[in-house]
Enquirer: 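If you scroll down you'll find the structure; I have some questions about it.
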Amino acid sequence: MAQSDTVDRILDAAEELFADRGFSETSLRMITSKAKVNLAAVNYHFGSKNALIHAVFARFLTPFSATLESAFDELEERCEGKPPTLNQTLWALTESAVRMPQRNEQGISIFMRLLGLAYTQSQGHLRKFLEQEYSEPFGRFMRLLKEATPQLSSVDRYWRIQFMLGATAFTMSSSDALRDILKNKLGVETTVQEIAARLVPFLAAGMQAEDAMLIPSPGSKVSVA
(Lines give C-alpha, C1' and ligand atoms only; values in the text may rest on other atoms or scores of the structure.)
Protein backbone atom coordinates (compact mmCIF):
# COMPACT_ATOMS: atom_id res chain seq x y z
CA MET A 1 0.00 0.00 0.00
CA ALA A 2 1.51 3.36 -1.00
CA GLN A 3 2.18 5.91 1.72
CA SER A 4 -0.29 8.46 0.30
CA ASP A 5 -2.97 5.78 0.09
CA THR A 6 -2.36 4.83 3.72
CA VAL A 7 -2.67 8.45 4.83
CA ASP A 8 -5.87 8.93 2.83
CA ARG A 9 -7.38 5.76 4.29
CA ILE A 10 -6.64 6.91 7.81
CA LEU A 11 -7.97 10.43 7.19
CA ASP A 12 -11.12 9.16 5.45
CA ALA A 13 -11.88 6.77 8.31
CA ALA A 14 -11.12 9.36 11.00
CA GLU A 15 -13.23 12.00 9.27
CA GLU A 16 -16.27 9.76 9.04
CA LEU A 17 -15.98 8.36 12.56
CA PHE A 18 -15.36 11.74 14.18
CA ALA A 19 -18.40 13.18 12.39
CA ASP A 20 -20.62 10.25 13.43
CA ARG A 21 -19.39 9.60 16.98
CA GLY A 22 -17.52 12.70 18.11
CA PHE A 23 -13.84 13.11 18.94
CA SER A 24 -13.73 11.68 22.46
CA GLU A 25 -15.93 8.71 21.60
CA THR A 26 -13.78 7.67 18.64
CA SER A 27 -10.72 5.62 19.52
CA LEU A 28 -7.63 5.13 17.40
CA ARG A 29 -8.44 1.43 17.24
CA MET A 30 -11.82 2.22 15.69
CA ILE A 31 -10.03 4.31 13.08
CA THR A 32 -7.39 1.69 12.31
CA SER A 33 -10.06 -1.00 12.00
CA LYS A 34 -12.10 1.05 9.55
CA ALA A 35 -9.04 2.14 7.58
CA LYS A 36 -7.63 -1.42 7.58
CA VAL A 37 -4.24 -0.30 8.85
CA ASN A 38 -2.34 -1.00 12.05
CA LEU A 39 -1.86 1.39 14.96
CA ALA A 40 1.79 1.83 14.09
CA ALA A 41 0.78 3.44 10.78
CA VAL A 42 -1.28 6.10 12.59
CA ASN A 43 1.54 6.81 15.01
CA TYR A 44 4.06 6.98 12.18
CA HIS A 45 2.10 9.37 9.98
CA PHE A 46 0.44 11.55 12.64
CA GLY A 47 2.07 10.90 16.01
CA SER A 48 -1.03 11.43 18.15
CA LYS A 49 -4.80 11.51 18.07
CA ASN A 50 -4.81 15.32 18.41
CA ALA A 51 -2.47 15.64 15.43
CA LEU A 52 -4.77 13.34 13.46
CA ILE A 53 -7.75 15.58 14.31
CA HIS A 54 -5.77 18.60 13.11
CA ALA A 55 -4.89 16.82 9.87
CA VAL A 56 -8.55 15.99 9.21
CA PHE A 57 -9.43 19.69 9.42
CA ALA A 58 -6.36 20.83 7.48
CA ARG A 59 -7.21 18.58 4.54
CA PHE A 60 -10.32 20.69 3.93
CA LEU A 61 -9.36 24.07 5.37
CA THR A 62 -5.96 24.56 3.76
CA PRO A 63 -7.20 24.49 0.13
CA PHE A 64 -10.43 26.24 1.17
CA SER A 65 -8.47 29.09 2.77
CA ALA A 66 -6.45 29.60 -0.42
CA THR A 67 -9.66 29.63 -2.50
CA LEU A 68 -11.29 32.05 -0.07
CA GLU A 69 -8.35 34.45 -0.12
CA SER A 70 -8.49 34.54 -3.92
CA ALA A 71 -12.25 35.15 -3.81
CA PHE A 72 -11.79 38.05 -1.40
CA ASP A 73 -9.00 39.49 -3.57
CA GLU A 74 -11.28 39.43 -6.62
CA LEU A 75 -14.19 40.87 -4.64
CA GLU A 76 -12.23 43.80 -3.24
CA GLU A 77 -10.74 44.50 -6.64
CA ARG A 78 -14.24 44.66 -8.17
CA CYS A 79 -15.40 47.01 -5.43
CA GLU A 80 -12.58 49.46 -6.27
CA GLY A 81 -11.86 50.58 -2.73
CA LYS A 82 -15.44 50.56 -1.48
CA PRO A 83 -16.41 48.06 1.24
CA PRO A 84 -18.10 44.97 -0.24
CA THR A 85 -21.74 44.55 0.71
CA LEU A 86 -22.80 41.90 3.17
CA ASN A 87 -24.37 39.82 0.38
CA GLN A 88 -21.16 39.97 -1.65
CA THR A 89 -19.05 38.92 1.32
CA LEU A 90 -21.31 36.00 2.20
CA TRP A 91 -21.46 34.89 -1.43
CA ALA A 92 -17.65 34.87 -1.64
CA LEU A 93 -17.46 32.61 1.40
CA THR A 94 -20.29 30.30 0.33
CA GLU A 95 -19.21 29.92 -3.28
CA SER A 96 -15.67 29.14 -2.17
CA ALA A 97 -17.03 26.28 -0.06
CA VAL A 98 -19.48 24.74 -2.54
CA ARG A 99 -17.01 24.94 -5.42
CA MET A 100 -14.28 23.08 -3.55
CA PRO A 101 -13.43 19.73 -5.15
CA GLN A 102 -15.04 17.04 -2.98
CA ARG A 103 -13.72 13.53 -2.39
CA ASN A 104 -17.29 12.30 -2.05
CA GLU A 105 -20.87 13.60 -2.20
CA GLN A 106 -21.01 14.13 1.56
CA GLY A 107 -17.80 16.12 1.82
CA ILE A 108 -19.28 19.47 2.89
CA SER A 109 -21.90 17.84 5.08
CA ILE A 110 -19.30 15.84 7.01
CA PHE A 111 -16.98 18.79 7.39
CA MET A 112 -19.74 21.05 8.73
CA ARG A 113 -20.59 18.40 11.33
CA LEU A 114 -16.94 18.31 12.33
CA LEU A 115 -16.80 22.09 12.55
CA GLY A 116 -19.83 22.10 14.83
CA LEU A 117 -18.21 19.48 17.05
CA ALA A 118 -15.08 21.60 17.31
CA TYR A 119 -17.10 24.16 19.27
CA THR A 120 -19.57 21.95 21.13
CA GLN A 121 -17.09 19.39 22.43
CA SER A 122 -14.12 20.09 24.68
CA GLN A 123 -11.41 20.40 22.07
CA GLY A 124 -9.30 23.36 23.16
CA HIS A 125 -6.29 22.07 21.23
CA LEU A 126 -8.34 22.10 18.01
CA ARG A 127 -9.66 25.64 18.46
CA LYS A 128 -6.08 26.77 19.18
CA PHE A 129 -4.88 25.00 16.03
CA LEU A 130 -7.60 26.60 13.89
CA GLU A 131 -6.87 30.06 15.27
CA GLN A 132 -3.14 29.68 14.66
CA GLU A 133 -3.31 28.19 11.18
CA TYR A 134 -6.30 29.97 9.65
CA SER A 135 -6.53 33.31 11.44
CA GLU A 136 -5.64 35.32 8.31
CA PRO A 137 -8.46 34.35 5.91
CA PHE A 138 -11.11 34.18 8.60
CA GLY A 139 -9.86 37.37 10.23
CA ARG A 140 -10.28 38.99 6.83
CA PHE A 141 -13.81 37.62 6.62
CA MET A 142 -14.63 39.11 10.03
CA ARG A 143 -13.20 42.46 8.93
CA LEU A 144 -15.40 42.46 5.84
CA LEU A 145 -18.43 41.59 7.96
CA LYS A 146 -17.66 44.48 10.30
CA GLU A 147 -17.27 46.92 7.41
CA ALA A 148 -20.58 45.73 5.92
CA THR A 149 -22.49 46.14 9.22
CA PRO A 150 -21.30 49.45 10.76
CA GLN A 151 -24.72 49.93 12.35
CA LEU A 152 -24.23 46.99 14.70
CA SER A 153 -22.60 47.17 18.10
CA SER A 154 -19.75 44.75 18.77
CA VAL A 155 -22.00 42.67 21.01
CA ASP A 156 -24.86 42.52 18.48
CA ARG A 157 -22.45 41.63 15.71
CA TYR A 158 -20.90 38.87 17.81
CA TRP A 159 -24.24 37.22 18.51
CA ARG A 160 -25.50 37.55 14.96
CA ILE A 161 -22.33 35.92 13.66
CA GLN A 162 -22.89 33.02 16.07
CA PHE A 163 -26.52 32.69 14.91
CA MET A 164 -25.36 32.82 11.30
CA LEU A 165 -22.74 30.13 11.87
CA GLY A 166 -25.28 27.98 13.69
CA ALA A 167 -27.80 28.20 10.87
CA THR A 168 -25.11 27.45 8.32
CA ALA A 169 -23.70 24.49 10.23
CA PHE A 170 -27.14 22.94 10.73
CA THR A 171 -28.24 23.45 7.14
CA MET A 172 -25.07 22.27 5.44
CA SER A 173 -24.37 19.39 7.83
CA SER A 174 -27.96 18.17 7.33
CA SER A 175 -28.11 18.94 3.62
CA ASP A 176 -28.51 15.30 2.54
CA ALA A 177 -31.42 14.71 4.93
CA LEU A 178 -33.03 18.05 4.06
CA ARG A 179 -32.81 17.30 0.34
CA ASP A 180 -34.45 13.91 0.91
CA ILE A 181 -37.27 15.48 2.93
CA LEU A 182 -37.89 18.08 0.23
CA LYS A 183 -38.04 15.39 -2.44
CA ASN A 184 -40.38 13.18 -0.40
CA LYS A 185 -42.69 15.99 0.76
CA LEU A 186 -42.80 18.25 -2.29
CA GLY A 187 -41.35 16.13 -5.07
CA VAL A 188 -38.58 18.67 -5.65
CA GLU A 189 -34.92 17.80 -6.13
CA THR A 190 -32.24 20.31 -5.22
CA THR A 191 -28.45 20.66 -5.09
CA VAL A 192 -26.02 21.92 -2.50
CA GLN A 193 -25.48 24.99 -4.68
CA GLU A 194 -29.22 25.74 -4.66
CA ILE A 195 -29.33 25.35 -0.88
CA ALA A 196 -26.51 27.87 -0.58
CA ALA A 197 -28.33 30.25 -2.92
CA ARG A 198 -31.33 30.22 -0.56
CA LEU A 199 -29.23 30.38 2.58
CA VAL A 200 -27.16 33.48 1.77
CA PRO A 201 -30.01 36.03 1.54
CA PHE A 202 -31.52 34.56 4.72
CA LEU A 203 -28.24 35.03 6.58
CA ALA A 204 -27.76 38.54 5.22
CA ALA A 205 -31.26 39.54 6.31
CA GLY A 206 -30.63 38.20 9.80
CA MET A 207 -27.34 40.05 10.12
CA GLN A 208 -29.00 43.34 9.12
CA ALA A 209 -32.34 42.91 10.90
CA GLU A 210 -33.59 45.75 13.06
CA ASP A 211 -32.78 45.15 16.71
CA ALA A 212 -36.04 44.60 18.55
CA MET A 213 -34.66 42.73 21.54
CA LEU A 214 -36.62 43.03 24.76
CA ILE A 215 -34.92 41.94 27.97
CA PRO A 216 -37.57 41.15 30.62
CA SER A 217 -36.90 42.14 34.20
CA PRO A 218 -36.69 39.33 36.78
CA GLY A 219 -40.13 37.95 37.61
CA SER A 220 -41.87 39.68 34.71
CA LYS A 221 -43.90 37.81 32.13
CA VAL A 222 -43.31 38.14 28.41
CA SER A 223 -46.38 37.93 26.20
CA VAL A 224 -46.15 36.78 22.62
CA ALA A 225 -48.62 38.35 20.22
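Remember, predicted model here, so these are calculated numbers, not experimental data.
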Enquirer: Look up atom CZ in Phe57 and atom CZ in Phe64, then write down how far apart they are to the nearest 0.5 Å.
Expert: 13.5 Å
Enquirer: What's the shortest heavy-atom distance between Met112 and Met172, and which atoms?
Expert: CG-CB, 3.5 Å
Enquirer: Applying the side chain to side chain contact (heavy atoms under 4.5 Å, CB included) test to Thr94, which of Leu203, Val200, Thr89 qualifies?
Expert: Val200
Enquirer: What class does the angle between the rings of Phe111 and Phe60 fall in, given that below 30° is parallel, 30 to 60° is tilted and above 60° is perpendicular?
Expert: parallel
Enquirer: Any side-chain heavy-atom pair from Leu61 and Glu133 closer than 4.5 angstrom?
Expert: no
Enquirer: Holding to side-chain contact (heavy atoms from CB on, under 4.5 Å), I want the full list of residues that pass it with Arg78, two or more places apart in sequence or in another chain.
Expert: Glu74, Leu75
Enquirer: What residues form a ring-ring contact (aromatic ring centres under 6.0 Å, His included) with Phe23, not counting sequence neighbours?
Expert: Phe18
Enquirer: Output the distance between atom CD1 (Ile161) and atom CG (Asp156), rounded to the nearest 0.5 Å.
Expert: 11.0 Å
Enquirer: If hydrophobic clusters are built from ILVMFWY residues whose side chains come within less than 4.5 Å, do Trp159 and Met207 share one?
Expert: no
Enquirer: Cluster question for you: counting only ILVMFWY and a side-chain heavy-atom cut-off of under 4.5 Å, with indirect links fine, are Leu199 and Phe163 together?
Expert: no
Enquirer: side-chain contact (heavy atoms from CB on, under 4.5 Å) for Asn38 and Thr32? Distances and angles first, verdict last.
Expert: CA-CA 6 Å; Asn38 56 42; Thr32 57; over 6 Å; no
Enquirer: Tell me every residue that passes ring-ring contact (aromatic ring centres under 6.0 Å, His included) with Phe129, counting only those two or more places apart in sequence or in another chain.
Expert: His54
Enquirer: Around atom NZ of Lys34, are there more than 12 heavy atoms from other residues, nucleotides or ligands closer than 6.0 Å?
Expert: no
Enquirer: Please name the pair of heavy atoms, one in Arg140 and one in Glu69, separated by the smallest distance, quoted to 0.1 Å.
Expert: NH1-OE1, 2.7 Å
Enquirer: Examine distances only and state if a side-chain atom of Thr26 and a backbone atom of Leu17 form a donor-acceptor pair shorter than 3.5 Å.
Expert: yes
Enquirer: Test your reading of the model: is there a side-chain donor-acceptor pair from Ser33 to the backbone of Met30, 3.5 Å cut-off?
Expert: no
Enquirer: Can you name the nearest heavy-atom pair linking Ala58 to Tyr134, along with the distance?
Expert: CA-OH, 3.3 Å
Enquirer: Would a 4.5 Å heavy-atom cut-off, applied to side chains only, mark Asp8 and Arg59 as touching?
Expert: yes
Enquirer: Quick check for you: to the nearest 0.5 Å, what is the distance between Leu93 atom CG and Thr168 atom OG1?
Expert: 8.0 Å
Enquirer: Answer yes when Asp12 and Arg9 have at least one side-chain N-carboxylate O distance shorter than 4.0 Å, and no when they do not.
Expert: no
Enquirer: Nearest 0.5 Å please: distance from the CG atom of Leu130 over to the NZ atom of Lys128.
Expert: 12.5 Å
Enquirer: Taking ring-ring contact (aromatic ring centres under 6.0 Å, His included) as the test, write out the residues that go with Phe72, two or more places apart.
Expert: none
Enquirer: Between Arg160 and Gln208, is any pair of side-chain heavy atoms under 4.5 Å apart?
Expert: no
Enquirer: With a 6.0 Å cut-off (strictly less than), is the heavy-atom count around CD of Glu136, excluding the residue itself, greater than 12?
Expert: no
Enquirer: Tell me whether the count of non-hydrogen atoms from other residues, nucleotides or ligands lying under 6.0 Å of CD in Glu189 goes above 12.
Expert: no
Enquirer: Is there a side-chain contact between Leu52 and His45 in this structure, where contact means two heavy atoms from C-beta onward sitting under 4.5 Å apart?
Expert: no
Enquirer: Starting at CZ of Arg157, measure out to CE of Met164 and round the result to the nearest 0.5 Å.
Expert: 11.0 Å
Enquirer: How far apart are the closest heavy atoms of Leu126 and Ala118, and which atoms are they?
Expert: CD2-CB, 3.5 Å
Enquirer: Looking only at the side chains, is there a donor atom on one of Arg179 and Ser175 sitting less than 3.5 Å from an acceptor on the other?
Expert: no
Enquirer: Could you tell me whether the side chain of Leu11 reaches within less than 4.5 Å of the side chain of Phe46, counting heavy atoms only?
Expert: yes
Enquirer: Report the C-alpha separation of Ile195 and Leu178 in whole Å, then their side-chain angles, then the decisive distance to 0.1 Å, and conclude whether the side-chain contact (heavy atoms from CB on, under 4.5 Å) test is met.
Expert: CA-CA 10 Å; Ile195 294 173; Leu178 294 173; 5.5 Å; no
Enquirer: Does a donor on one side chain sit under 3.5 Å from an acceptor on the other, for Ser153 and Tyr158?
Expert: no
Enquirer: For a quick test of reading the model, state the closest non-hydrogen atom pair linking Pro84 to Ala148 and the distance between them.
Expert: O-CB, 3.8 Å
Enquirer: Given side-chain contact (heavy atoms from CB on, under 4.5 Å), test Arg198 with Thr171 step by step and report yes or no.
Expert: CA-CA 11 Å; Arg198 294 178 182 276; Thr171 302; over 6 Å; no
Enquirer: Is the number of heavy atoms from other residues, nucleotides or ligands within 6.0 Å of CZ (Arg21) greater than 12?
Expert: no
Enquirer: Nearest 0.5 Å, please: how far is CD in Gln88 from CG in Leu86?
Expert: 10.0 Å
Enquirer: Leu186: which other cluster members, linking ILVMFWY side chains closer than 4.5 Å, directly or transitively?
Expert: Leu182, Val188
Enquirer: Is there a continuous path of hydrophobic side-chain contacts, each under 4.5 Å between heavy atoms, that joins Leu115 to Met142?
Expert: yes
Enquirer: Any side-chain heavy-atom pair from Leu144 and Glu76 closer than 4.5 angstrom?
Expert: yes
Enquirer: Quick check on the hydrophobic clustering: are Leu90 and Phe170 connected, directly or via other members, by side-chain heavy-atom contacts under 4.5 Å?
Expert: no
Enquirer: Ignoring hydrogens, what is the shortest heavy-atom contact between Gly22 and Leu117? Give both atom names and the distance.
Expert: CA-CD1, 4.0 Å
Enquirer: Can you sort out the partners of Ser48 under side-chain hydrogen bond (donor to acceptor under 3.5 Å, both in side chains), two or more places apart, ordered by chain and number?
Expert: none
